[in-house]
Number of protein chains: 2
Amino acid sequence: MTRRAAIRDAATRLFAEHGPERVTLKQIADAAGVSAPLVVHHFGSKDGLKQVVDDHVGRVFDDLFAEFSEHPELLAAPAGGASLAELLTRHLPPDSPVPAYLRRLLLSGAPEGYRLFRRWYELSLGFTVAMHEAGVLRPGTDPVALTVFLMADDLATILLRDHFADVTGVDPLSAEGLARWGEQALSICRHGFLVDNEEGTE
Amino acid sequence: MTRRAAIRDAATRLFAEHGPERVTLKQIADAAGVSAPLVVHHFGSKDGLKQVVDDHVGRVFDDLFAEFSEHPELLAAPAGGASLAELLTRHLPPDSPVPAYLRRLLLSGAPEGYRLFRRWYELSLGFTVAMHEAGVLRPGTDPVALTVFLMADDLATILLRDHFADVTGVDPLSAEGLARWGEQALSICRHGFLVDNEEGTE
DNA sequence: CAGGATACTAAATGCCCGTTCAGTCTTCTG
DNA sequence: CAGAAGACTGAACGGGCATTTAGTATCCTG
């Protein structure tokens, strides 16, 4: 691996973990085994590096989305709804900094974050619309509203993973969590969770 | 309002908007109409100020949760599920920095963020369990899994509000968004969204 | 009203950190 | 193999920022 790539990767991990503001060029350089000025030499400035990392992470998702567009069966897996979060977790090594970086990207207001979210949305919407046209959805379902609903749930699992793990004792993206979660989610997708109080009166 | 409180409020707004790392004491002081050293005089250090703001925002939520615990009917509103996000939005002035601050609190890994999440979870779980015991939930529903499901959706609406607004053109926490959203959500709570393919075979 | 505490400020301090400089080493290219 | 271009480093620089200092005004309290 080229030194340039080593710097980029070290920065990705450190940015994801502590946020770019808290990370110094020296820390990045040390983690990559180089000197601080070399970082500037390769990326122009700290800001330049940040942008390169943003783009790079964006590209990881592009690849994931592209792969999924070509092989939608990857997803049709356990749960009824489209869980890109699950797919992402399976796709990346367990210690990947990408999920944590995604958090920052979505919540920092960075342009790459908005681009990424939009692509995610369009992919999800396409999937929902396809289900709609295939007649798998209950009549009267609004595909846009449903997409928002499903995406919110999906992304929250990534964004709040640590909190859910802390509170329930189960990492929602571990095998155990996915099982327990997926079963319930599928049931909700099919029937909802409320007793249908109109059944008796109709 | 005491100057101390003015500083605290200015800091809350600026921290929420740009993140504590990007905000200087001078900016806070200017926004509050005081000098920078006065901030140190009242809060010891920038870090001290950050902690006070964390606690203060935490207390806002404590109050909200307490009020809700005493008057659960506040919530039983439109949607079937418990939308604390909606309640929060109604409760705060439209330009309140609290929702944006909540984002940072939950995603920065700050201890106050974990405390806050836990209280939110316990409140939600209590509500779900109550529904369970009242027999409103479909048999076989796991209250914990359901709580996780509902909270994820609820919190994502706050955390990703800007992104959803950007992509759909509708702020999900505006009156229009809540209407469109709530209707769909209620339907999902009742029946799910998938055509029940077991109906025909059973 | 004395005088101590507290609120407050302008100016000074010192550190951290991104960046630049000057120079060496390595690697291509003709 | 010459010699130019790029990779790379240690040392210096300079700006920004939190914090300290020293001193003034304001407010309590007896």
Side-chain angles (χ1 to χ4, degrees), chain A residues 1-58 97 100-101 104-105 107-113, chain B residues 1-58 97 100-101 104-105 107-113:
Chain A
M1 182 169 52
T2 141
R3 302 245 226 185
R4 190 191 143 95
I7 295 170
R8 192 214 325 108
D9 289 356
T12 307
R13 176 157 265 111
L14 286 168
F15 285 172
E17 204 159 332
H18 309 289
E21 299 89 354
R22 291 195 164 283
V23 176
T24 72
L25 284 188
K26 178 116 189 14
Q27 289 173 311
I28 298 170
D30 285 352
V34 302
S35 68
L38 187 64
V39 179
V40 177
H41 178 247
H42 278 302
F43 299 93
S45 67
K46 187 181 180 180
D47 241 39
L49 172 60
K50 211 165 63 182
Q51 233 172 303
V52 168
V53 173
D54 276 5
D55 288 358
H56 184 250
V57 172
Y101 202 90
R104 305 212 169 255
L105 217 41
L107 290 142
S108 67
E112 183 59 35
Chain B
M1 184 172 47
T2 137
R3 302 245 226 187
R4 190 191 143 95
I7 294 171
R8 193 214 324 107
D9 289 356
T12 307
R13 176 157 265 110
L14 286 168
F15 285 171
E17 204 159 334
H18 309 288
E21 299 89 355
R22 293 194 165 285
V23 176
T24 71
L25 284 188
K26 177 123 189 13
Q27 289 173 311
I28 298 169
D30 286 352
V34 302
S35 69
L38 187 64
V39 178
V40 177
H41 177 248
H42 278 302
F43 299 93
S45 68
K46 187 181 179 180
D47 242 40
L49 172 59
K50 212 164 64 182
Q51 233 172 302
V52 168
V53 174
D54 277 6
D55 287 359
H56 184 249
V57 172
Y101 202 91
R104 306 213 167 253
L105 216 42
L107 290 143
S108 68
E112 183 58 37

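Protein chains get the first letters and strands the later ones, always in sequence-line order, with residue 1 at the start of each.
- When the P atom of dT19(C) is taken as reference, atom CG of L49(A) falls 10 Å away, rounded to whole Å.
- Of the inter-residue distances, the one linking S108(B) atom OG with H18(A) atom NE2 reads 13.5 Å to the nearest 0.5 angstrom.
- Put simply, CD1 on I28(A) is 11 Å from P on dT19(C), counting in whole angstrom units.
- Here the C1' atom of nucleotide dG6(D) and the CZ atom of R4(A) are 14 Å apart, to the nearest Å.
- Of the candidate nucleotides dC17(C), dA10(C), dT19(D), dA10(C) has the atom nearest to the side chain of S35(B).
- Put simply, NE2 on H41(A) is 12 Å from C1' on dT9(D), counting in whole angstrom units.
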task: Please test D9(A) against R13(A) for salt bridge (charged side-chain N to carboxylate O under 4.0 Å, His left out), starting from the C-alpha separation and ending with a verdict.
output: CA-CA 6 Å; D9(A) 289 356; R13(A) 176 157 265 111; over 6 Å; no

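- Along DNA chain C, the nucleotide closest to L38(B) and the one closest to A36(A) are compared, and the more 5′ of them pairs with L38(B).
- Comparing dA10(C), dA18(D), dT9(D) by their closest approach to the side chain of K46(B) singles out dA18(D).
- With salt bridges taken as basic N to acidic carboxylate O contacts below 4.0 Å, one links K26(A) and D30(A).
- The local environment of CD in Q27(A) is crowded, with over 12 non-hydrogen atoms from other residues, nucleotides or ligands closer than 6.0 Å.
- When heavy atoms are screened at a 4.0 angstrom cut-off, V34(B) is found touching the sugar-phosphate backbone but no base atom.
- Remark: C1' of dA18(D) and CD of E21(B) are 15 Å apart, rounded to the nearest angstrom.
- Protein atom CG of D47(A) is 14 Å distant from nucleotide atom C1' of dC17(C), rounded to whole Å.
- Nearest to the side chain of P37(B), among dA18(D), dA7(C), dT9(C), sits dT9(C).
- A straight line from CZ of R3(B) to C1' of dA25(D) spans 12 Å, rounded to a whole angstrom.
- Put simply, CG on L25(B) is 6 Å from P on dT19(D), counting in whole angstrom units.
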